[in-house]
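Data first, discussion second: the structure below is written as structure tokens.
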There are 2 protein chains.
Amino acid sequence: MATLREVAAAAGVSTATASNVFNGTGRVSDAVRARVVETAAALGYAGPNPAAASLRRGRVGIIGVVLAEGLGYALGDPAAGAFLAGVAEVGDAADVGLTLLPVPPGRPDRTGPTARGLPTLERAIVDGAIVYSIEEDSPALPTLVARRLPLVAVDSPRDATEAPWVARVLVRDRDAAADAATHLAALGHRRVAVVVDRLTSAARTGRAPWSQARQATSSVIRERLAGYADAWRRAGLPLSALEVHEAGANSVEAGQQLARDLVTARAPVTAVACVSDVLALGMTQGARELGLGVPRDLSVVGFDDSPLAAQVGLTSVAQPLREKGETAARALLAALAGQPVEARTELPATLVVRGSTGPPAQGEAARPR
Amino acid sequence: MATLREVAAAAGVSTATASNVFNGTGRVSDAVRARVVETAAALGYAGPNPAAASLRRGRVGIIGVVLAEGLGYALGDPAAGAFLAGVAEVGDAADVGLTLLPVPPGRPDRTGPTARGLPTLERAIVDGAIVYSIEEDSPALPTLVARRLPLVAVDSPRDATEAPWVARVLVRDRDAAADAATHLAALGHRRVAVVVDRLTSAARTGRAPWSQARQATSSVIRERLAGYADAWRRAGLPLSALEVHEAGANSVEAGQQLARDLVTARAPVTAVACVSDVLALGMTQGARELGLGVPRDLSVVGFDDSPLAAQVGLTSVAQPLREKGETAARALLAALAGQPVEARTELPATLVVRGSTGPPAQGEAARPR
DNA sequence: TTGAAAGCGTTACCAA
DNA sequence: TTGGTAACGCTTTCAA
């Protein structure tokens, strides 16, 4: 591999001049420029080595996006896709690349500089990172904070690390979740299941008590659950009739499986509120498989209002996913540029009612209103 | 920012020893290790600078994945997600990170070292790259080839760059596309639309002549079209009754829009074969919107057999998406390790028949068989 | 087990 | 407009 120095030598110019040729910077005469370019081609010079340039410049032109769950999993959720699209758009415009940093849950949380616990995060070549919706007990944020990287945390209100420079982007989904529960209560539902992928890093499945639900490691989940509960109480209904169930994973299959269990329960619910559209879709399909009509026998509410929801007519809580990504990216770029950054940005969320919710089948519960 | 040298000095050791502490490499006494670690913490040392380490090591531990269309667009297609999941899995296992390099189509194709045509690609900090299903007139592959990077091209059989070291991963989808057309012909369909997102970089919409279809810039599209045509001819049917239509984009909406146009045509088709599941889903929804039954009034075949297809019962051509990603990643890692690499790997594809295809409504065409 | 020193390939300052 | 040159922060022989 030819180097800049070799090219410069062969072209009879200094490395400084050669560098200028390849960077468009500085004034170089056309004659010299042509000669350098030609020599480079002859030598098969591939252009400045990015790692070297980055070292020298002190910045690499790449931001990282930390995703829970591993890439395959994360990309399976259209919500993550929309978020990333927002990040990518802003990044593209600023000519900044994107590195995806998946952090599978449950990796041993080793600490100390010698332990190679999260090697990807510890050594990722990025100028800063956006940490997207990871669980609060994840070592990801502390690892990044230890690197003193400019950081934007999305959907994680609490900062366990106490790092003051970490900007936050949140969605006010607690209120929107409350709207969803209110909607169901108003329709006349009196026994409702709240479906989460899981409450802790451990993949469990089945009903969980509220005492446990309140301890969910993901703040997003906690907030949404709190929203449902708020509204339920406000409607004067007993929390015991708002069951929390873990599906074990955030996937259509997990939702489908859970639907079977839920529907065959002794006291079946008449509606389910899910923390993602993917789960909601699974519930819908599971219910239909068992011969139940949606919303006739089971009302289903999703979360995220991903493209999926509109496609299948799912009532869902809409959060501005793309905008969330854009906001996070803009905040990070601002921090990188040394500009002041909003420490905390809150985005709104709203309930979008579609065809998957309706009054419960008669006799099951009180009438609407 | 503290540096390794400063830490070493403060701890009273050489930089070599300090480096060993942070790399787990070499033998360092526990006493010294503890002292270094402690000093690092006191000084707020963030760990070795990745850019510097990469420069020194000569490798960065990251592979790039080049995606056409911009990230948002690419992630909207579940097929791309599945592919990426395969890449990520193999990458993860090898402790190699992933950088996404979106290449929006239609960017001016400038060349030469001074023109800053595709800055992201020209300066991406990667050890090698996987180029996924991009159009053949895209400057992306030449740009990367110019950097002499180890490369794996997925779904692009022709190598315009003549770079011998570019490995290829292909799916035999021509034959599978033929199976799809044969399936439709056998069901009795005599007038079928083939729906592509687009034939050239320019987003056009509407019917295109076969003369133009054969020139599609994407080899994947060309192959699939050729497959449909092969089978159609083999069934003894006239190519004029196999209409090629451009939807303008690879999205549900585009498919939906096209469905409206197709169905209201003078001589409506009784079946459509789409080059993606996303388009097929759009066609299905568009048809239903207009009161048409699927498959009663319109049979729909998708492509990719993405998770989507199974969810909505779409007949689709299954290609091993995840395996494709794994294969590509493995090939690249092998090349990076200096091992010999299969210059060309072909993966199979097969037709999966589900509920979206059936015989045409009576009177519309000949009987099945 | 530890240290000295030689770069890795650039960029950017300042002077000519 | 061009050239000299000093870093950028680290890893890695090789010798002690």
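If you're wondering where the values come from, they're calculated on a predicted model, not measured in any experiment. Naming convention: chains lettered A, B, ... in sequence-line order (proteins, then strands); numbering from 1 in each chain.
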Q. Can you name the salt bridge (charged side-chain N to carboxylate O under 4.0 Å, His left out) partners of Arg148(A), sequence neighbours left out?
A. none
Q: Would you please confirm or rule out a distance under 4.0 Å between OP1 or OP2 of dG3(C) and any side-chain N or O of Ser14(B)?
A: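 Yes, such a contact exists.
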(Q) Less than 4.0 angstrom between a side-chain N/O of Thr17(B) and OP1 or OP2 of dG3(C), yes or no? (A) yes
Evaluate the side-chain proximity of [Y] to [X]: yes if any heavy-atom separation is below 4.5 Å, no if none is.
X	Y	result
Pro50(A)	Arg147(B)	yes
Val28(A)	Val36(A)	no
Ile63(B)	Val126(B)	no
Arg59(B)	Leu336(B)	no
Phe83(A)	Ile130(A)	yes

(Q) Rounding to an integer number of Å, can you tell me how far Asn20(A) CG sits from dA12(C) C1'? (A)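 From Asn20(A) CG to dA12(C) C1': 9 Å.
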Q: For Asp30(A) and dT2(D), give me the distance from atom CG to atom P, rounded to whole Å.
A: 9 Å
Q | Exam field: side chain Thr327(B) to backbone Glu323(B), donor-acceptor pair closer than 3.5 Å | A | yes
Polar atom pairs (N or O), protein with nucleotides 13-16 of chain D, under 3.5 Å:
none

Q: Could you tell me the separation between the OG atom of Ser54(B) and the CD1 atom of Ile125(A), rounded to the nearest 0.5 Å?
A: 3.5 Å
Close N/O contacts between protein and nucleotides 8-10 of chain D (under 3.5 Å):
residue, atom, partner, partner atom, Å
dC10(D), OP1, Tyr45(B), OH, 2.5
dC10(D), OP1, Asn49(B), N, 3.0
dC10(D), OP2, Leu4(B), N, 2.4

Q. Among the nucleotides dT12(D), dG3(D), dT1(C), which one has an atom lying closest to any side-chain atom of Val13(A)?
A.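 Output: dG3(D).
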